[in-house]
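Here is the structure we will look at, set down as structure tokens.
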Amino acid sequence: IAALPGVMALAAAGDIELAQSAEIVTRTVAGMGIAVEDTARIADVLAKGANASNTSVRGLAEALSYTAPTARSVGLSLEETVAILGKFADGGIDASRAGTALNAILSQFLDPASKFRGELSAIGITTGDFDKALRQLAKSGESGSKAILAVGTEAGRIVYVWHTSP
């Protein structure tokens, strides 16, 4: 019952059926570890994210379904994760590819032995804070290209979009 107002708000904002809205909210609650009482926040973040980027509530929800648990593991909030996915959408990367690639990037970031972490370290980026690491990568210029390539072709394109966005 506590979730109903948020579910209804998301359905209206996303122009989606109530059942689909409930599914999106349920997956987001579970994936991001958000309290059921915060469904209004979920609706608000997804609606604002869709309005501020080249995607929809459905698109953001699809991308979140691939990446939410890993985003939570690196300490990204729902707001930060949706903002990143919105930037990817603005870069022309569709939801499923964005979610899959962001999940791959985050997984590699979580693994201190990954090639991505090795390349970041090689250019002096040693923070365990994902957002801070990407901001430092964005400032690294050409020297960051090996780190971008280390995550693979598809994920590398995602990092490049994030790396070059304002």
Side-chain angles (χ1 to χ4, degrees), residues 1-111 114 116 127-135 137-138 151-166:
I1 302 281
L4 194 54
V7 170
M8 291 173 59
L10 184 61
D15 193 28
I16 56 178
E17 297 291 325
L18 200 55
Q20 185 177 21
S21 177
E23 182 180 340
I24 290 168
V25 167
T26 302
R27 286 183 180 176
T28 305
V29 163
M32 295 298 297
I34 297 171
V36 173
E37 295 78 21
D38 288 337
T39 57
R41 174 177 155 226
I42 293 169
D44 187 49
V45 170
L46 291 176
K48 285 181 179 176
N51 287 331
S53 63
N54 188 26
T55 191
S56 64
V57 167
R58 282 187 188 106
L60 287 172
E62 181 180 354
L64 276 173
S65 74
Y66 292 99
T67 198
T70 314
R72 178 181 177 197
S73 293
V74 300
L76 291 176
S77 68
L78 175 63
E79 291 81 359
E80 291 167 323
T81 305
V82 167
I84 292 168
L85 294 169
K87 285 185 184 292
F88 296 162
D90 290 345
I93 299 162
D94 71 49
S96 64
R97 288 176 46 221
T100 301
L102 182 56
N103 186 58
I105 294 162
L106 295 173
S107 295
Q108 289 182 55
F109 186 78
L110 284 169
D111 179 3
S114 73
F116 181 50
T127 181
D129 180 312
F130 181 74
D131 186 57
K132 186 175 181 180
L134 284 190
R135 291 186 192 288
L137 180 59
V151 294
T153 305
E154 184 68 19
R157 181 169 177 234
I158 299 288
V159 173
Y160 179 78
V161 167
W162 177 262
H163 182 268
T164 57
S165 64

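Residue numbers run from 1 in the order of the sequence given.
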Checklist entry - Does the S21 side chain pair with the main chain of V7, one donor and one acceptor, at a distance under 3.5 Å? => result yes
Item to check | Shortest non-hydrogen contact from V57 toward L46 | outcome: CG2-O, 3.9 Å
Item to check | Contact summary for V25 and I42, nearest pair of heavy atoms | outcome: O-CD1, 4.2 Å
Next on the checklist: I need the Q20 CD to L10 CG distance, nearest 0.5 Å.
Outcome noted: 8.5 Å
Checklist entry - Where do T67 and L85 land on the side-chain contact (heavy atoms from CB on, under 4.5 Å) test, with the steps shown first? => result CA-CA 10 Å; T67 198; L85 294 169; 4.3 Å; yes
Checklist entry - Could you state the interatomic distance from CZ (F130) to CG (L110), rounded to the nearest 0.5 Å? => result 9.0 Å
Item to check | Nearest-0.5 Å distance, OG of residue S65 to CG of residue L60 | outcome: 11.0 Å
Checklist outcome for this item: Shortest non-hydrogen pair, E80 vs G75, comes out as OE1-O, 3.8 Å
Checklist outcome for this item: Value for OG (S114) from CD1 (I105), rounded to nearest 0.5 Å, stands at 11.5 Å
Checklist entry - To the nearest 0.5 Å, how far apart are NZ in K87 and CG in N54? => result 13.5 Å
Next on the checklist: Applying side-chain contact (heavy atoms from CB on, under 4.5 Å) to L76 and L106, what does each step give before you reach the verdict?
Outcome noted: CA-CA 10 Å; L76 291 176; L106 295 173; 4.1 Å; yes
Next on the checklist: Is there a side-chain contact between T28 and V45 in this structure, where contact means two heavy atoms from C-beta onward sitting under 4.5 Å apart?
Outcome noted: no
Checklist entry - Is R27 salt-bridged to E23, cutoff N-O under 4.0 Å? => result yes
Item to check | CA sep, side-chain torsions, deciding dist, call: L78, L64, side-chain contact (heavy atoms from CB on, under 4.5 Å) | outcome: CA-CA 9 Å; L78 175 63; L64 276 173; 3.9 Å; yes
Next on the checklist: If I compare all heavy atoms of A13 with all of A47, which pair ends up nearest, and what's the gap?
Outcome noted: CB-CB, 3.6 Å
Checklist entry - Going from CG on L137 to OG1 on T127, what distance comes out if it is rounded to the nearest 0.5 angstrom? => result 12.5 Å
Item to check | N103 side-chain N/O to G99 backbone N/O, donor-acceptor pair under 3.5 Å | outcome: no
Checklist outcome for this item: Scanning both residues in full, the closest heavy-atom pair of V74 with F109 reads CG1-CD2, 4.3 Å
Checklist outcome for this item: When every non-hydrogen atom of G59 is compared with those of T55, the smallest separation belongs to CA-OG1, 3.7 Å
Next on the checklist: If the condition is salt bridge (charged side-chain N to carboxylate O under 4.0 Å, His left out), which residues does R41 pass it with, not counting sequence neighbours?
Outcome noted: E79
